[in-house]
Q: 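To start, I am sharing the structure in question, which I have written as structure tokens.
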Amino acid sequence: MAKKASDHFKTWANPNGPVITTMTRPVIEADGLYFKDIDGSGTVSEVNDWRLPAAQRAAAYVKQMTVDEKIGQLFISDWRMGQKYPNPTFKDHVVTPDESGILDEGEVFTKLIFGEMHLPGTSTLIKEWFARHTILRENATPEDLTDYLNQLQAVAEECERFVPVQAASNSRNENGEAVFGMNDAGGVFPTWPGTLGIAAAVKGAGIEVADQWAEAIRRSWEACNLRKGYMYMVDCMTDPRWQRSYGTFGEDTDLICEIAEHIIPRIQGNENGVTADGVAMTTKHFPGGGARENGFDPHYAAGQWNVYATSGSLKKYHMPGFAAAVGKHTSSIMPYYSKPAAEKSAAQQDFEGKDIPLEPYGFAYNRVFIHDILRGQMGFQGYVNSDTGIVHNMKWGVEMLDEPERIGFAVNHSGVDLISGFFDNAYGREAYERAKNGYYETHELPEGFTPDMVTLNDECLDRAVTRTLTEMFELGMFENTYRDAKKSAALCENKEDLANADRAHHQSVVLLKNDGILPLTAEKYAGKKVYAEAFHKTAEAGEAATRALRDMLVELTLTDDYNEADIALLFVNPSSGEYFSATAGYLELDICEGKEVHDVDSFCRPMAETHLETTLTGAKKITDIANAVHAHGGKVIANINFHLAWLVGNVERCADALTAGFETNPDATLDVMFGRFAPVGRLPFTLPRGDEVLAVNKDGVCISPNDVPGYDKDQYMPDELKDENGKAYAYRDTAGNYYELNFGLSW
């Protein structure tokens with residue numbers, strides 16, 4: 001077996017300059033300094049001279065590249081890591097590793113929601129296809145991750161012109177269920193609560209929580225040579241039925257902006273953008289994914305529209321987070337799949353106060369938003385990275401174009417620089433050739449399109465590749481290409497980061513209700529029998545979680561019979577919907593079991609037909625437990641895990657004390673319940689009162705506007721739903737408290 005790349009790369013140190021690491025590229029010594037021979041010229045050329053600005057070096061390098069090399073750098077797609085870590089993208093693939101056992105050299109056919117494609121081995125992909133952007137989804141150890149990324153660079157160094165391979169990943173420093181495309185990995189790096197939990201903790205404990213989180217992200221990722229993150233979402237959560245709500249920071253636009261302004265410079269390296277010890281960020285999903293049409297997501301056709309029913313909502317709620325990110329020089333912006341629905345939307349204004357033409361193109365294809373607003377008005381200088389699958393399946397608004405035309409339209413007309421989905425080199429080359437070979441002399445385009453809008457030319461190719469290369473030069477990837485795998489594990493186990501993460505879990509707990517039973521001190525449970533159970537979407541998951549919960553309660557006298565319990569501890573973890581497919585009805589937010597709800601048609605309107613929904617197996621049992629415990633004067637203490645804004649009535653009415661977690665570690669929640677940590681968390685969103693405030697009429701219009709956050713919905717609610725305090729939308733508990741944005745009790 002060959003040595004791993006991290007075992008034998010060479011290092012040169014420059015005084016007051018970058019460290020040079022290489023395996024096979026020559027190193028040039030001049031003026032008492034060391035330079036890597038990146039372009040193969042053997043000289044301290046404009047490309048090789050690290051003393052020059054990154055953008056200047058990138059522009060010079062692009063001039064040396066062939067058309068095919070540039071086209072290869074337009075695309076980013078999933079790639080597989082090797083025999084130890086099966087990738088869900090390539091689940092049917094039989095791994096045939098190279099001699100080192102690190103790279104996967106097998107060919108594969110893959111078929112996903114994003115499309116389908118035949119792919120080569122790793123060396124062919126890098127050397128012949130000149131692919132330089134990949135998406136990493138495996139949950140590898142720091143050492144294996146570093147080895148793998150080093151090996152990719154070793155192959156890239158063997159090319160005539162060296163361009164590093166940049167692996168991107170979705171976030172890895174938050175707790176939560178592994179979900180393809182969102183939480184692909186977790187538990188290896190220092191792990192905070194979910195992003196909603198970050199928001200809850202920041203609201204209660206201060207912005208230092210986000211600062212510490214961001215610093216840990218930069219340290220752990222950079223240690224492993226993972227230099228680009230598809231993170232974070234600054235979408236404002238305005239439709240509670242959007243399943244991706246759990247990846248946001250909630251509904252508070254001001255808080256979203258504050259967190260973005262703090263984490264971007266700390267992750268990227270400084271206030272002015274990425275640095276050689278930073279990690280480049282891709283902020284998503286411009287201009288905001290929260291304005292869903294009754295919760296349906298644009299990963300599937302039913303959710304392809306963004307509806308702005310309220311005048312001015314786009315500028316007021318949805319775009320400020322992106323303006324904040326641009327102000328802190330986020331390296332990349334990711335537009336969402338969806339397209340604006342002009343006929344269902346009220347007037348929307350840009351940053352100059354002018355009405356925005358809501359052209360029916362997906363945002364990656366929408367020149368008004370990318371060129372005019374993002375770049376022209378916000379001043380964005382980085383590059384635009386599309387969401388995954390826009391060329392093949394999520395082609396909303398440009399279905400009438402073929403694949404080469406969609407690529408040309410996105411890159412040339414709209415200003416996208418990197419297209420996520422597949423390595424579509426052949427389609428890219430076809431888009432380039434059509435600009436020169438007279439194709440459109442015999443092929444008619446749909447109305448509204450011209451050949452120069454849907455083809456690739458040298459100018460747009462150079463622009464796009466210069467932008468992505470600039471980021472890699474700024475990151476120092478050309479010079480300091482490798483990392484020490486033996487050291488990466490230790491760097492990812494920074495004791496301070498681990499302690500800060502643990503504290504953030506505790507700080508994320510929100511105390512919603514308490515009749516005095518909490519904190520559950522030793523005096524209160526002395527001589528009492530305690531019943532403990534955890535509930536999940538499936539019975540199997542609930543049983544496993546219950547065993548784990550009871551193992552944490554060794555100091556208590558536990559009983560298996562809730563009828564004899566003096567205290568019941570209930571951990572409730574509902575789940576609703578699927579990430580990549582529409583539900584038969586609207587996404588169910590009620591914590592329920594076997595609830596009859598209406599189906600919807602293809603226009604998102606309710607139908608007469610119904611089906612049954614379960615978000616929590618055993619939901620009905622919660623009432624039985626509460627009745628039994630309360631019958632002899634006992635107390636019920638419950639915790640709900642929020643990754644959506646659940647309708648909590650079926651749990652809250654049963655509980656004497658109620659806490660909220662956001663992918664919070666159960667031991668942290670127990671520490672709060674038992675008084676070992678005082679609750680400080682605050683709600684990052686408003687909890688809806690019930691089905692009546694989410695009702696959708698026969699025309700598919702929601703009674704509470706989809707584009708307005710919960711704290712502002714009351715001004716649009718009908719008077720007959722408002723109570724004596726003028727409130728309609730927020731849930732009001734049996735103690736009289738409204739579960740609104742920023743709510744949270746203390747001892």
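Below, each value reflects all heavy atoms present in this structure, side chains not excepted, and no hydrogens, waters or symmetry copies.
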Q: For the backbone of L255 and the side chain of D252, can you confirm whether one donor and one acceptor N or O come within less than 3.5 Å of each other?
A: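 Yes, the answer is positive, given that a donor and an acceptor are paired below the 3.5 Å cut-off.
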
Q: Output the distance between atom CD (E663) and atom CG (N641), rounded to the nearest 0.5 Å.
A: 4.5 Å

Q: Sub-3.5 Å donor-acceptor pair from the side chain of W50 to the main-chain atoms of F473, do we have one?
A: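 Side chain of W50 to backbone of F473, a donor-acceptor pair under 3.5 Å: no, none is there.
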
Q: Say you draw a straight line from CG of N665 to NE2 of H505; how long is it, rounded to the nearest 0.5 Å?
A: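 Nearest 0.5 Å value for the CG-NE2 distance: 4.0 Å.
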
Q: I need the minimum non-hydrogen distance between F662 and L683, along with the two atoms involved.
A: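 Result for this residue pair: CZ-CD2, 4.2 Å.
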
Q: Can you give me the closest heavy-atom contact between Y230 and I76, atom names plus distance?
A: OH-CD1, 3.2 Å

Q: Of all the heavy-atom pairs spanning L149 and A167, show the shortest one and how long it is.
A: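 Result for this residue pair: CD2-CB, 3.6 Å.
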
Q: Output yes when a side-chain donor or acceptor of Q268 lies under 3.5 Å from a complementary backbone atom of S331, and no otherwise.
A: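 Here the side-chain-to-backbone pair exists.
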
Q: Give, for atom CD of Q151 and atom CD of Q153, the distance between the pair rounded to the nearest 0.5 Å.
A: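 One finds 10.0 Å between CD of Q151 and CD of Q153.
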
Q: I'd like to know if the side chain of T659 pairs up with that of N639 as donor and acceptor (distance under 3.5 Å, no hydrogens or angles considered).
A: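 T659 vs N639: donor-acceptor pair found between side chains.
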
Q: Does N14 use its side chain to pair, donor to acceptor, with the backbone of Y34 at less than 3.5 Å?
A: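 Checking the backbone N and O of Y34 against the side chain of N14, a donor-acceptor pair under 3.5 Å is found.
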
Q: Could you please spell out the steps behind the side chain to side chain contact (heavy atoms under 4.5 Å, CB included) verdict for C492 and C224?
A: CA-CA 8 Å; C492 291; C224 297; 3.7 Å; yes

Q: Salt bridge or not for R57 and E471, using N-O below 4.0 Å?
A: no

Q: Look only at the side chain of N175 and the backbone of P193, and say whether a donor-acceptor pair between them is shorter than 3.5 Å.
A: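 Answer holds: no.
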
Q: Is there a side chain to side chain contact (heavy atoms under 4.5 Å, CB included) between T282 and I333 once you walk through the steps?
A: CA-CA 5 Å; T282 299; I333 294 281; over 6 Å; no

Q: How close do R172 and W221 get, counting heavy atoms only, and between which atoms?
A: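 What the structure gives for the nearest pair is N-CZ2, 3.8 Å.
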
Q: Ignoring hydrogens, what is the shortest heavy-atom contact between F9 and N150? Give both atom names and the distance.
A: CE2-ND2, 4.4 Å

Q: If you define the side chain from C-beta out and look only at heavy atoms, does anything of P666 sit under 4.5 Å from M552?
A: yes

Q: Hey, is CD on E496 packed in by over 12 heavy atoms from elsewhere, all under 6.0 Å?
A: no

Q: With no hydrogens and no angle check, just 3.5 Å: does a side-chain donor-acceptor pair link N385 and D417?
A: no

Q: Heavy-atom count around K487 NZ within 6.0 Å, excluding the residue itself: above 12?
A: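 Check fails, neighbour count at 12 or below.
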
Q: Please work out which of the three classes, parallel, tilted or perpendicular, describes the rings of H643 and Y246, given edges at 30° and 60°.
A: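 Perpendicular.
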
Q: For L226 and L145, run side chain to side chain contact (heavy atoms under 4.5 Å, CB included): C-alpha distance rounded to whole Å, both residues' side-chain angles, the deciding distance at 0.1 Å, then the answer.
A: CA-CA 8 Å; L226 187 57; L145 178 57; 4.2 Å; yes

Q: For A276, does its backbone N or O pair with a side-chain atom of R227 as donor and acceptor, under 3.5 Å?
A: yes

Q: What's the separation between atom CZ in F189 and atom CG in N139, rounded to the nearest 0.5 Å?
A: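 Here the rounded value is 9.0 Å.
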
Q: Look at the side chain of T481 and the backbone N and O of T22, then say whether any donor-acceptor pair between them is shorter than 3.5 Å.
A: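 Flag not set: sc T481 to bb T22 has no pair under 3.5 Å.
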
Q: Ignoring hydrogens and angles, state whether a donor on the side chain of W129 or T124 is under 3.5 Å from an acceptor on the partner side chain.
A: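 No donor-acceptor contact under 3.5 Å links the two side chains.
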
Q: Spell out, as yes or no, whether a donor-acceptor pair under 3.5 Å connects the side chain of S171 to the backbone of N173.
A: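 Side chain of S171 to backbone of N173: no pair is present.
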
Q: Test K328 against every option in E261, E271, E258 by the salt bridge (charged side-chain N to carboxylate O under 4.0 Å, His left out) rule and name the one that passes.
A: E271

Q: Could you check, using the six-membered ring where one of them is a Trp, whether F322 and F286 have ring centers closer than 6.0 angstrom?
A: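 Yes - the distance between ring centres of F322 and F286 falls below the 6.0 Å cut-off.
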
Q: If we only count heavy atoms from C-beta on, is the P265 to N270 side-chain gap below 4.5 Å?
A: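 No - every pair of side-chain heavy atoms lies 4.5 Å or more apart.
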
Q: Under 4.0 Å between a Lys/Arg side-chain N and an Asp/Glu carboxylate O for D39 and R161?
A: no

Q: Tell me yes or no: between the side chains of W192 and N500, is some donor less than 3.5 Å from an acceptor?
A: no

Q: Using 4.0 Å as the upper bound for N to carboxylate O, is an ion pair formed by D49 and R51?
A: yes

Q: Could E157 and K36 be called an ion pair, given the rule that one side-chain N must be under 4.0 Å from one carboxylate O?
A: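 A salt bridge is present here (some side-chain N lies under 4.0 Å from a carboxylate O).
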
Q: Is there a side-chain contact between L125 and F130 in this structure, where contact means two heavy atoms from C-beta onward sitting under 4.5 Å apart?
A: no

Q: Between V165 and T134, is there a side-chain heavy-atom distance shorter than 4.5 Å?
A: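 Yes, close enough: below the 4.5 Å cut-off.
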
Q: Atom CG in D211, atom CD1 in I263: separation rounded to 0.5 Å?
A: 10.0 Å

Q: Which pair of heavy atoms, one from S508 and one from A200, lies closest together, and at what distance?
A: O-CB, 3.8 Å

Q: Please examine the side chains of R483 and E222, heavy atoms only from C-beta on, and report whether any two atoms are closer than 4.5 Å.
A: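 They are in contact (side-chain heavy atoms under 4.5 Å apart), so the answer is yes.
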
Q: Checking V19 against T11 for the side chain to side chain contact (heavy atoms under 4.5 Å, CB included) test, could you report, in this order, the C-alpha distance in whole Å, the side-chain angles of both residues, the deciding distance, and whether it holds?
A: CA-CA 7 Å; V19 171; T11 303; 3.5 Å; yes

Q: Where the side chain of S245 meets the backbone of L644, is there a donor-acceptor pair that is under 3.5 Å apart?
A: no

Q: Any side-chain donor paired with an acceptor under 3.5 Å for Y232 and E174?
A: yes

Q: Is the shortest side-chain heavy-atom distance between Q166 and T468 below 4.5 Å?
A: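 No, their side chains stay 4.5 Å or more apart.
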
Q: With side chains defined as the heavy atoms from C-beta onward, is the minimum distance between F478 and Y61 less than 4.5 Å?
A: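 Answer yes - side chains close enough.
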
Q: In plain terms, say whether R219 and D277 are close enough for a salt bridge, that is, a side-chain N and a carboxylate O under 4.0 Å apart.
A: no

Q: CD1 of I135 to CG of D78: how many Å apart, nearest 0.5 Å?
A: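 Here the rounded value is 5.0 Å.
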
Q: Would K284 and D387 pass as an ion pair if we require N to O under 4.0 Å?
A: no

Q: For the pair R550 (side chain) and A548 (backbone), establish whether a donor and an acceptor sit closer than 3.5 Å, ignoring hydrogens and angles.
A: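 Checking the backbone N and O of A548 against the side chain of R550, no donor-acceptor pair under 3.5 Å is found.
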
Q: Is there a donor-acceptor contact under 3.5 Å linking the side chains of N480 and T21?
A: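 Indeed, the side chains of N480 and T21 share at least one donor-acceptor pair under 3.5 Å.
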
Q: Kindly indicate whether the side chain of F674, heavy atoms from C-beta on, has any atom under 4.5 Å from the side chain of L556.
A: yes

